[in-house]
Peer 1: 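Before we start, here is the structure in question, set down as structure tokens.
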Number of protein chains: 2
Amino acid sequence: MPTTLATERRVTITDIAAACGVSRATVSLVLRDSPLVRDETRSRVQAELARQNYVYHRGAANLRRRASNAVALVLNDLSNPFFAEFAGGADAVLAEAGYVMLLGSTGESPERQQAVLASMIEHDPAAIILSPAEHSSHERLRQVLARVPTLVFNRAIGDGGAGHDWDFLALDNRHGARIATEHLIALGHRAIAFFGGHRDSSSCCERRAGYRDALAAAGLVADPHWLVECAPTRLEAASRTHALFARDPAPTAAVCYNDAVALGLLAGLAACGRRAGADFGVVGFDDIPEASVATPPLTTVATNPRERGMQAARLVLERLQGKGGPPRSTVAPARLVVRASSLGSPGQSQGKP
Amino acid sequence: MPTTLATERRVTITDIAAACGVSRATVSLVLRDSPLVRDETRSRVQAELARQNYVYHRGAANLRRRASNAVALVLNDLSNPFFAEFAGGADAVLAEAGYVMLLGSTGESPERQQAVLASMIEHDPAAIILSPAEHSSHERLRQVLARVPTLVFNRAIGDGGAGHDWDFLALDNRHGARIATEHLIALGHRAIAFFGGHRDSSSCCERRAGYRDALAAAGLVADPHWLVECAPTRLEAASRTHALFARDPAPTAAVCYNDAVALGLLAGLAACGRRAGADFGVVGFDDIPEASVATPPLTTVATNPRERGMQAARLVLERLQGKGGPPRSTVAPARLVVRASSLGSPGQSQGKP
DNA sequence: CTGAAAGCGCTTACAG
DNA sequence: CTGAAAGCGCTTACAG
């Protein structure tokens, strides 16, 4: 029994109006719940709407009203649980407020980002939430984002973010990395590495700054060899683990750029016979779901991506209500979650100066 | 320096036409790359489009053409990595084909599902991909989905799915559970539980059927006490672990409804002093990212959610090209990924009959 | 309280 | 090769 697909003509307010013997204007008023319509008329129209299974065409209404109730979310990568949670949180708030979510992902490519944004914008979103790809060009983004209220999330745009044209929701990278580092110092570590990330990414810079803050406050100074870059993936991190121990003095613990790197480091340590949490202290960043089930469970800095998504959506909604006003920056707090991976005792290692 | 928001009037084809001294029709033809336009005219128009930073209003065009280039994706829960990966895969294929993705989530609530679908449909998507909430009503879905080509993913709708009105993409639950069970049998297990899920969900039924198939083929019969229900979450599973050992004969291994349940079981086993992989064999279902980093690494049935998302999107695109034809069902293959959690030796346990 | 009319930004026959 | 006109489905002053 073949299904009937979208072949039949659409039911419009004209059909309803004709069936009820009223004008299209009246039907429209009923749809928008206007008090101008007499009760008896309203009921008749509503009954007919239901009978014909009428579906409101919001696109047509939005065109006429020059409004939009879509918000576009453009992310780097949905398969990253951090962004998936973020999207889930944003969706919950937006749906609650009656908005629909357009979703796109850039795969961390500035070119795809331009294409995706251009495509989104043709659909006339009321606002855009953008977690920018690394190496995004401020100029090219300005071009395509002109006219659409935008909230940038997670990292500042290319050239530093001074003179930002957009609202900005940042993680407290600097403070988060600082408390992570302080935690390792409190455990007795003195030789602490910063592992992973690329130093040209703003979040990596900020986290490194927090790391240095903590060291400086404790009167420690970082050996340059303790700053090890690598792509923020588990695999890369595992294969770069050896770089931490290439020279003396080797570190006894590491603050990692994020959890993916930290999980890779856990694997890398195991592969070279070191026990994370016993021989070597590890702290991650993000608190992704895998962190708590890793071996050993990963101490990390929680950024609560779902909360961030909700917060981003709320900031956007405020902007849409209030209009106007200069761009605002908001910094979301970070919190340390202590688990087994950081309970190493530095004395067992040779890393002490 | 306050940003200029979407306050200025929009640039339309009328503006471009006026600036070039041509008609709006000509501008439209240029936009759609029609060969009807003379080269010289085309260049002039294109230059003006760029100069004024013109943005195509796809909503208006779609209204006029009675077309749509949006596809709606309605999922249970984005923070479930299975669905996040699925969405990522679908997005990649849809974006490639020039479609934009509307995303909504239902949180497994049939009421929210109705509301979300209704809201989506008002935006006139070309098609819908729906991973239905449990206990969805076939009738209510029919009502709201009338007229929109729909692909149902992951589970059949409420009353069994006979006389399905929609395309359907299923995981091979039955075969997947069967190979999982056969694997445990091959390792020497004879007392094998099926742990987790609710028996009124179709995927749970199918997986249990595959489990029974394997037992029957090996001449084994399941003790009814080995069928333990629980919500498909890690926490629930951990706290229900004791139910497996409440009566003799206790099982020596378990096929789990999914990875979340299996991870909870790993934790539950550890909490009651049993070593998964040594004292007790565990197999999951899904191969979520956490599976490979669990302790011990989780043997599981891979369903490749990203691939499924891409497949779902392709099926939808085919339907949109081809139109017509009866609804089709597709079953995606499942594959066993062997890791440490299933290497238990049943002889160490008391569970043998 | 209700209707006639104009218009949102675009496309598409139809003439010329 | 280009333009005038009608129309997609809706909303909103404006009369009455």
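Residue numbers begin at 1 in each chain, while the letters A, B, ... track the order of the sequences.
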Peer 1: Under 4.5 Å between any side-chain heavy atoms of A:Val55 and A:Val11, yes or no?
Peer 2: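 Not in contact.
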Peer 1: Mind calculating the distance between CZ (A:Arg24) and P (D:dC8) to the nearest angstrom?
Peer 2: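 Nearest whole value for this atom pair: 9 Å.
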Peer 1: Is there a side-chain contact between B:Arg32 and the phosphate of C:dT11, meaning an N or O under 4.0 Å from OP1 or OP2?
Peer 2: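 Looking at the OP1 and OP2 atoms of C:dT11, one of them is under 4.0 Å from a side-chain N or O of B:Arg32.
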Peer 1: Going by purine N1 to pyrimidine N3 plus the second Watson-Crick contact, or the G-U wobble pair, all under 3.5 Å, which nucleotide sits opposite D:dA13?
Peer 2: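 Pairing partner, where one exists within any strand: none, as none qualifies.
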Peer 1: Taking only the side-chain nitrogens and oxygens of B:Thr14, find out if one of them lies under 4.0 Å from OP1 or OP2 of C:dC10.
Peer 2: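 For C:dC10, neither OP1 nor OP2 has a side-chain N or O of B:Thr14 closer than 4.0 Å.
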Peer 1: Mind checking whether B:Asp165 and B:His138 have side chains closer than 4.5 Å, heavy atoms only?
Peer 2: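 When only atoms from C-beta onward are counted, B:His138 and B:Asp165 do touch, with a gap below 4.5 Å.
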Peer 1: Nearest whole Å is fine: how far is D:dT12 C1' from A:Leu29 CG?
Peer 2: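 After rounding, the gap between these two atoms is 9 Å.
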Peer 1: For the side chain of A:Tyr56, counting heavy atoms from C-beta on, which of D:dT2, D:dG3, D:dT11 is nearest?
Peer 2: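 Given the options D:dT2, D:dG3, D:dT11, the side chain of A:Tyr56 is closest to D:dT11.
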Peer 1: Which part of the nucleic acid does B:Ala61 contact within heavy-atom distance under 4.0 Å: base, sugar-phosphate only, or nothing?
Peer 2: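 Sugar-phosphate, backbone atoms only, no base.
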Peer 1: Please check if the side chain of B:Arg112 supplies one atom and the backbone of B:Ser105 the other of a donor-acceptor pair under 3.5 Å.
Peer 2: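 It does hold such a pair.
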Peer 1: Send over the distance from A:Arg44 CZ to C:dT2 P, rounded to a whole Å.
Peer 2: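 That distance rounds to 8 Å.
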Peer 1: May I have the distance from A:Ile13 (atom CD1) to C:dT2 (atom P), rounded to whole angstrom?
Peer 2: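 Going from A:Ile13 (CD1) to C:dT2 (P), I get 15 Å.
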Peer 1: Give a yes/no answer on whether the side chain of B:Ser28 brings an N or O atom under 4.0 Å of OP1 or OP2 in C:dC10.
Peer 2: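 Result: no.
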Peer 1: For D:dA4, give the paired nucleotide (Watson-Crick: N1-N3 plus N6-O4 or O6-N4; G-U: N1-O2 and O6-N3; both under 3.5 Å), or none.
Peer 2: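 None - no nucleotide pairs with D:dA4, as no candidate has both distances under 3.5 Å.
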Peer 1: Taking atom CD of B:Gln52 as the centre, report whether more than 12 heavy atoms of other residues, nucleotides or ligands fall under 6.0 Å from it.
Peer 2: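 Count over threshold, so yes.
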Peer 1: For the pair made of CZ in A:Arg58 and C1' in C:dC8, what is the distance, rounded to whole Å?
Peer 2: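 Spelled out: CZ on A:Arg58 to C1' on C:dC8 is 16 Å.
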Peer 1: With a cut-off of less than 4.0 Å, is there a side-chain N or O of A:Thr12 near OP1 or OP2 of D:dG9?
Peer 2: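 For D:dG9, OP1/OP2 do not have a side-chain N/O of A:Thr12 under 4.0 Å.
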Peer 1: Separation of A:Arg147 atom CZ from C:dG9 atom P, in whole Å?
Peer 2: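 So the CZ-P distance, A:Arg147 to C:dG9, works out to 12 Å.
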Peer 1: Please compare B:Arg65 and B:Arg38 by the position of their nearest nucleotide in DNA chain D and report the one closer to 5'.
Peer 2: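 Of the two residues, B:Arg38 wins.
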Peer 1: Let me spell it out: for each of B:Ala60 and B:Arg42, pick the nucleotide of DNA chain D with the closest heavy atom. Which residue's pick is nearer the 5' end?
Peer 2: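 First, find each residue's nearest nucleotide; the 5'-ward one identifies B:Arg42.
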Peer 1: Return the CG to CE distance between A:Asp91 and A:Met101, rounded to the nearest 0.5 Å.
Peer 2: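 Rounded to the nearest 0.5 Å, the CG-CE separation comes out at 5.0 Å.
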Peer 1: Taking CG from B:Asn62 and C1' from D:dG9, how many angstroms apart are they, rounded to a whole number?
Peer 2: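 The answer, rounded to whole Å, is 13 Å.
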Peer 1: Return no unless some side-chain N or O of B:Thr26 is found under 4.0 Å from OP1 or OP2 of D:dG3.
Peer 2: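 Result: yes.
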Peer 1: B:Arg64 CZ to D:dC8 C1': how many Å, rounded?
Peer 2: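 The answer, rounded to whole Å, is 6 Å.
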